[in-house]
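To start, the structure under review is shown below, and the notes come after it.
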Amino acid sequence: MLKIENLHAEIDGKPILKGLSLTVNAGEIHAIMGPNGAGKSTLGYVLGGRPGYEVTEGSITFDGQDLLELAPNERAAAGVFLGFQYPVEIPGVSNVQFLREALNAQRGTRDEKPLSGAEFLKLAREEARKLDMDAEMLKRPVNVGFSGGEKKRNEMVQMGVVNPKFAILDETDSGLDIDALRIVGDGINRIMRAPDKAVLLITHYQRLLDYVQPDFVHVLADGRIVRSGGADLAHELEREGYAGVTA
């Protein structure tokens, strides 16, 4: 599904990714772990197409397409979803309005009929219910006044509504208490654990991986993947830290 080869990227002229290669097949969940400043969030931003991150070398192929040739909205329409470490607030735009426009824009690029207001509300309320989020929050401006946990739960509702093929989740466990962590983890499994989907889960800690067990764990350090393994690698990192792996 996703193939990254020798990826180099920089921001403001500073190299961040320095030859990263990674293949993610359909049906797989990959976790990216590593110390601060290693390039984990940069990888997510480059895949999502965030402005300001310049790819200077290498390639990214998604479902046979050159991902780097697609604008951010085209990547989303192709099935790429980026979950942010710090979800943004959008004052004046309700969750319902934001999500309906996003979903119908994507459906339009696939020549699918847009959902009516009633059809969309039924879908959005069901996703909110599954994530134990009060449906009244759908009426509120996107993430405005939400706690950290509510923002992450709201982002999972967004993911459930647009139903992507490939999700990049950047520190989704940040700011979550124990109950919210379980709910979000269950949401990721429900929405994304399927033979035709894949997940790239960026995290500092092993705790989310108790709920979303990865097929592969990769250690990213100084812009490169320096070690890969199974789920047990996350436990090793939790016990011993990154020093021995990244030295």
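Excluded from the calculations below are hydrogen atoms, water molecules and symmetry mates; all remaining heavy atoms, backbone and side chain alike, are included. The residues of the chain are indexed from 1 along the displayed sequence.
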If we ignore hydrogens and angles and just use 3.5 Å, is the side chain of [X] paired with the main-chain N or O of [Y] as donor and acceptor?
| X | Y | result |
| --- | --- | --- |
| Glu155 | Gly83 | no |
| Arg224 | Ser21 | no |
| Asp12 | Lys14 | no |
| Glu150 | Ser147 | yes |

Do [X] and [Y] touch side chain to side chain, with heavy atoms closer than 4.5 Å?
| X | Y | answer |
| --- | --- | --- |
| Met156 | Met159 | yes |
| His218 | Met33 | no |
| Phe81 | Val162 | yes |
| Ser59 | Glu5 | yes |
| Ile16 | Ile11 | yes |
| Asn104 | Lys113 | no |
| Asn163 | Leu103 | no |
| Glu89 | Phe146 | no |

Can you find a side-chain donor-acceptor pair between [X] and [Y] that sits under 3.5 Å?
| X | Y | value |
| --- | --- | --- |
| Asn36 | His204 | yes |
| Ser116 | Glu119 | yes |
| Glu28 | His30 | yes |

State plainly whether the residues Glu126 and Arg129 are in salt-bridge range, i.e. N to O under 4.0 Å.
-> yes
Transitive ILVMFWY side-chain link Val212 to Phe216, under 4.5 Å =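 Looking at the clustering, Phe216 is in a separate group from Val212.
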Give a yes or no on whether Arg125 atom CZ has more than 12 heavy-atom contacts from other residues, nucleotides or ligands under 6.0 Å away.
-> no
Flag if over 12 foreign heavy atoms under 6.0 Å of NZ, Lys18 |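 Buried by this count: over 12 neighbours within 6.0 Å.
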Please report the interatomic distance [atom1]([X]) to [atom2]([Y]), rounded to the nearest 0.5 Å.
| X | Y | atom1 | atom2 | value |
| --- | --- | --- | --- | --- |
| Leu121 | Arg100 | CG | CZ | 8.0 Å |
| Ile4 | Phe62 | CD1 | CZ | 11.5 Å |
| Ile60 | Arg75 | CD1 | CZ | 6.5 Å |
| Leu176 | Lys152 | CG | NZ | 5.5 Å |
| Leu201 | Asp170 | CG | CG | 9.5 Å |
| Lys40 | Ile168 | NZ | CD1 | 15.5 Å |

Would you name the heavy atoms of [X] and [Y] that are closest together and state the gap between them?
| X | Y | value |
| --- | --- | --- |
| Ala38 | Ala221 | CB-CA, 3.9 Å |
| Met1 | Ala198 | SD-CB, 3.8 Å |
| Ala26 | Pro195 | CB-O, 3.3 Å |
| Pro214 | Ala231 | O-CB, 3.8 Å |

Val219 and Ile225: side-chain contact (heavy atoms from CB on, under 4.5 Å), yes or no, with the steps?
-> CA-CA 6 Å; Val219 181; Ile225 290 176; over 6 Å; no
Could you walk me through whether Arg227 and Leu233 pass the side-chain contact (heavy atoms from CB on, under 4.5 Å) test, one step at a time?
-> CA-CA 9 Å; Arg227 186 174 170 188; Leu233 177 55; 3.7 Å; yes
Distance-only donor-acceptor pairs under 3.5 Å for side chains of residues 131-145, two or more places apart:
{"from": "Asp134", "atom 1": "OD1", "to": "Glu136", "atom 2": "N", "distance (Å)": "2.9"}
{"from": "Glu136", "atom 1": "OE1", "to": "Lys139", "atom 2": "NZ", "distance (Å)": "3.3"}
{"from": "Glu136", "atom 1": "OE2", "to": "Lys139", "atom 2": "NZ", "distance (Å)": "3.3"}
{"from": "Arg140", "atom 1": "NH2", "to": "Val144", "atom 2": "O", "distance (Å)": "3.4"}
{"from": "Asn143", "atom 1": "OD1", "to": "Asn154", "atom 2": "ND2", "distance (Å)": "3.2"}
{"from": "Asn143", "atom 1": "ND2", "to": "Val88", "atom 2": "O", "distance (Å)": "2.7"}

Identify every side-chain donor-acceptor pair in residues 180-193 under 3.5 Å, counting partners at least two apart or on other chains, and give the distances.
{"from": "Asn189", "atom 1": "OD1", "to": "Arg193", "atom 2": "NE", "distance (Å)": "3.2"}
{"from": "Asn189", "atom 1": "OD1", "to": "Arg193", "atom 2": "NH2", "distance (Å)": "3.4"}
{"from": "Asn189", "atom 1": "ND2", "to": "Gly185", "atom 2": "O", "distance (Å)": "3.3"}
{"from": "Asn189", "atom 1": "ND2", "to": "Tyr211", "atom 2": "O", "distance (Å)": "2.7"}
{"from": "Arg190", "atom 1": "NH1", "to": "Glu127", "atom 2": "OE1", "distance (Å)": "3.3"}
{"from": "Arg190", "atom 1": "NH2", "to": "Glu127", "atom 2": "OE1", "distance (Å)": "3.1"}
{"from": "Arg193", "atom 1": "NH2", "to": "Gln213", "atom 2": "O", "distance (Å)": "2.9"}

Could you pull out all donor-acceptor pairs under 3.5 Å where a side-chain atom in residues 49-58 meets a protein atom, sequence neighbours excluded?
{"from": "Arg50", "atom 1": "NH1", "to": "Tyr45", "atom 2": "OH", "distance (Å)": "3.2"}
{"from": "Glu57", "atom 1": "OE2", "to": "Asn6", "atom 2": "ND2", "distance (Å)": "3.0"}

Hey, which of Thr61, Thr23, Leu47, Asp63 is the one that makes side chain to side chain contact (heavy atoms under 4.5 Å, CB included) with Leu2?
->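 Checked Thr61, Thr23, Leu47, Asp63 against Leu2; only one passes side chain to side chain contact (heavy atoms under 4.5 Å, CB included): Leu47.
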Kindly determine whether Ile32 and Leu22 satisfy side-chain contact (heavy atoms from CB on, under 4.5 Å), including the steps that lead there.
-> CA-CA 11 Å; Ile32 299 284; Leu22 176 67; 4.3 Å; yes
Step by step, work out the side-chain contact (heavy atoms from CB on, under 4.5 Å) result for Leu115 and Leu123.
-> CA-CA 10 Å; Leu115 295 186; Leu123 171 63; 4.1 Å; yes
